[in-house]
Every structure is written in structure tokens, then in C-alpha cells.
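Only one structure is covered here, and it is reproduced in the block below.
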Amino acid sequence: MRIIFAFTLAWLVASPALAQRDPPYWGSIDEPEARMRTGPSTEYPTMWIYKRERMPVKILARYKAWRKIEDVDGAQGWMHARLLSASRTALVQGDAGKVLVLRSNPRGDAKVTWRVQPGVVGNISQCQNDWCLFDVTGRQGYIKFNQIWGEETLKQSAP
């Protein structure tokens with residue numbers, strides 16, 4: 001039994017998906033309900049309760065199993081690491097009611113693949129040259145990175 005536990009622990013520590021990075025970096029909320037607290041413990045009061053899974057957050061600091069995060073509105077507080085994911089997501093920004101276009105290629109003159117409104121959350125990848133591939137449940141297209149929140153460091157670290 002100890003051997004199985006030791007092997008499992010070694011696999012978890014070595015797993016690239018679970019590797020700990022030095023802040024700041026991007027993550028997302030991984031639960032349907034997550035509490036932001038004023039400090040790194042359940043003893044601290046709740047500041048906000050997030051009820052939107054996959055919402056992007058910026059991880060600013062680590063303390064044991066806690067992460068200091070910042071949300072799209074600039075609110076900062078502490079959230080337990082088990083409530084967070086390393087999934088790269090972004091939130092479409094813009095004026096309410098204004099429809100933004102996603103394109104087939106990372107160019108301003110590329111064919112429009114679909115339209116999206118501010119507030120939509122999706123996965124992002126392939127961020128380069130001021131564009132990110134944005135995917136919402138299989139519907140995807142390229143969006144300018146200045147139209148989403150959750151991409152700053154991705155643009156700099158893209159291959």
C-alpha cells in the first residue's frame with residue numbers, strides 16, 4: 001500500500017499539468033462555486049463568491065495551498081488551489097451589446113467564423129501576433145488579444 005501511495009505521490013509531483021509556476025500566471029476557476037477570501041485560510045472572511053466555472057483569474061502569489069488571485073474587475077483575494085485550474089481561458093471584453101467577430105485566421109481581413117458578445121468565456125491557445133484562438137464548446141475563431149482578459153503573459157510566452 002505504501003508503494004502505491006509513494007508512486008501516486010511521485011506521479012502527481014512530476015505531472016506537468018500540476019507543476020507549480022512562479023507567479024504571476026494565468027489560471028481559471030475550476031468549480032461551479034468558489035470563495036475568494038481576505039486571507040489564505042478558511043478562517044478569513046469571504047469577500048466574493050464566484051459562481052462561474054472556467055472564469056479566468058491571474059494568480060499573483062502562493063502561500064501553501066492558497067493562491068492570491070485577481071479577477072477581471074481588479075478584486076484581489078485568496079482562493080484555495082483546489083478551486084483553480086491551469087486551463088487557459090479568457091473573458092471577452094467590450095461594451096454591452098457590442099458584437100465582436102472571430103476570424104478563421106489570425107488576420108483582420110480573414111473570413112468571419114462566428115460572432116461573440118462581451119462576457120463570453122472560452123479556452124484560448126495559439127496566442128501570437130496579437131491574436132488568440134478562442135474556443136467555446138467547439139466553436140472557435142481568432143480574436144484580437146486586446147478584446148479578451150486573460151492573455152497578457154500568453155502573448156509574451158507564445159512559441
Side-chain angles (χ1 to χ4, degrees), residues 11-37 40 47-63 65-159:
W11 178 81
L12 286 172
V13 170
S15 174
L18 299 174
Q20 294 188 9
R21 296 177 261 168
D22 290 328
Y25 61 92
W26 293 96
S28 57
I29 295 175
D30 197 31
E31 294 291 329
E33 184 173 297
R35 294 175 185 268
M36 177 193 281
R37 297 184 177 274
M47 294 172 51
W48 293 101
I49 299 174
Y50 295 87
K51 295 191 175 196
R52 187 151 186 207
E53 197 170 355
R54 302 181 60 242
M55 181 68 75
V57 293
K58 185 185 281 188
I59 288 85
L60 304 173
R62 289 191 317 233
Y63 178 74
W66 292 84
R67 304 295 180 262
K68 184 174 186 181
I69 66 163
E70 180 177 345
D71 70 14
V72 65
D73 295 321
Q76 293 184 9
W78 292 87
M79 193 172 284
H80 197 279
R82 69 175 169 73
L83 301 173
L84 300 169
S85 168
S87 295
R88 293 166 38 165
T89 66
L91 174 78
V92 176
Q93 294 194 298
D95 298 328
K98 181 181 177 188
V99 177
L100 302 172
V101 296
L102 278 76
R103 302 193 175 271
S104 61
N105 293 301
R107 294 188 334 263
D109 62 348
K111 177 184 168 191
V112 174
T113 57
W114 64 290
R115 300 175 196 292
V116 65
Q117 292 186 346
V120 171
V121 173
N123 294 324
I124 56 172
S125 61
Q126 301 179 27
C127 295
Q128 56 187 344
N129 300 329
D130 299 334
W131 294 86
C132 287
L133 183 61
F134 189 74
D135 183 310
V136 180
T137 62
R139 297 189 74 184
Q140 58 183 310
Y142 287 89
I143 189 168
K144 295 284 279 181
F145 77 86
N146 64 356
Q147 296 176 323
I148 55 177
W149 188 84
E151 87 307 323
E152 293 169 4
T153 58
L154 293 177
K155 178 180 179 270
Q156 296 166 355
S157 64

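Computed from heavy atoms alone, side chains included, the values below leave out hydrogens, waters and symmetry copies. Note that the structure is a prediction, hence the values are computed from the model and not measured.
Between the side chains of Y50 and E31, no donor-acceptor pair is found at a separation under 3.5 Å.
Remark: I124 CD1 to F145 CZ distance equals 11.0 Å, nearest 0.5 Å. Here CD1 of I49 is found 5.5 Å from CD of E33. Values are rounded to the nearest 0.5 Å. Atom-to-atom distance recorded for M36:CE and Q76:CD is 8.0 Å, nearest 0.5 angstrom. To the nearest 0.5 Å, atom CD of residue Q128 and atom OH of residue Y142 are 7.5 Å apart. To the nearest 0.5 Å, the span separating OH on Y25 from CD1 on I59 amounts to 5.0 Å. Here CZ of R82 is found 12.5 Å from CZ of R67. Values are rounded to the nearest 0.5 Å.
Counting heavy atoms from C-beta on, the side chains of S87 and R54 never come closer than 4.5 Å. Looking only at side-chain heavy atoms (C-beta outward), P23 and L60 stay at 4.5 Å or farther from each other. Considering only heavy atoms from C-beta on, F134 comes within 4.5 Å of V120 through its side chain. At a threshold of 4.5 Å between non-hydrogen side-chain atoms, the residues P118 and Q93 do not count as touching. The shortest side-chain heavy-atom distance between V101 and W114 does not fall under the 4.5 Å cut-off. The shortest side-chain heavy-atom distance between L84 and M79 falls under the 4.5 Å cut-off. Contact check for V57 versus I29: side-chain heavy atoms found under the 4.5 Å cut-off. Between L91 and R52 there is a side-chain heavy-atom pair separated by less than 4.5 Å.
Judged by the 6.0 Å distance and 45° axis criteria, R37 is not positioned over the aromatic ring of W78.
Here the side chain of S28 pairs no donor or acceptor atom with the backbone of T89 at under 3.5 angstrom. No donor-acceptor distance shorter than 3.5 angstrom exists from the side chain of W66 to the backbone of A81, with no hydrogens or angles considered. One N or O on the side chain of D135 and one on the backbone of G138 form a donor-acceptor pair closer than 3.5 Å. Distance alone, capped at 3.5 Å, is enough to place a donor-acceptor pair between the D71 side chain and the D73 backbone.
Among all heavy-atom pairs drawn from Q126 and R88, the shortest one is N-NH2, 4.1 Å.
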Q: Test D130 against N146 for side chain to side chain contact (heavy atoms under 4.5 Å, CB included), laying out the working first.
A: CA-CA 8 Å; D130 299 334; N146 64 356; over 6 Å; no
Q.
Evaluate K58 against I69 for side chain to side chain contact (heavy atoms under 4.5 Å, CB included), listing each step before the verdict.
A. CA-CA 5 Å; K58 185 185 281 188; I69 66 163; over 6 Å; no
**Q.** Verdict with reasoning, T113 to Q140, per side chain to side chain contact (heavy atoms under 4.5 Å, CB included)
**A.** CA-CA 8 Å; T113 57; Q140 58 183 310; over 6 Å; no
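Within a 6.0 Å radius of CH2 in W48, other residues, nucleotides and ligands contribute 12 heavy atoms or fewer.
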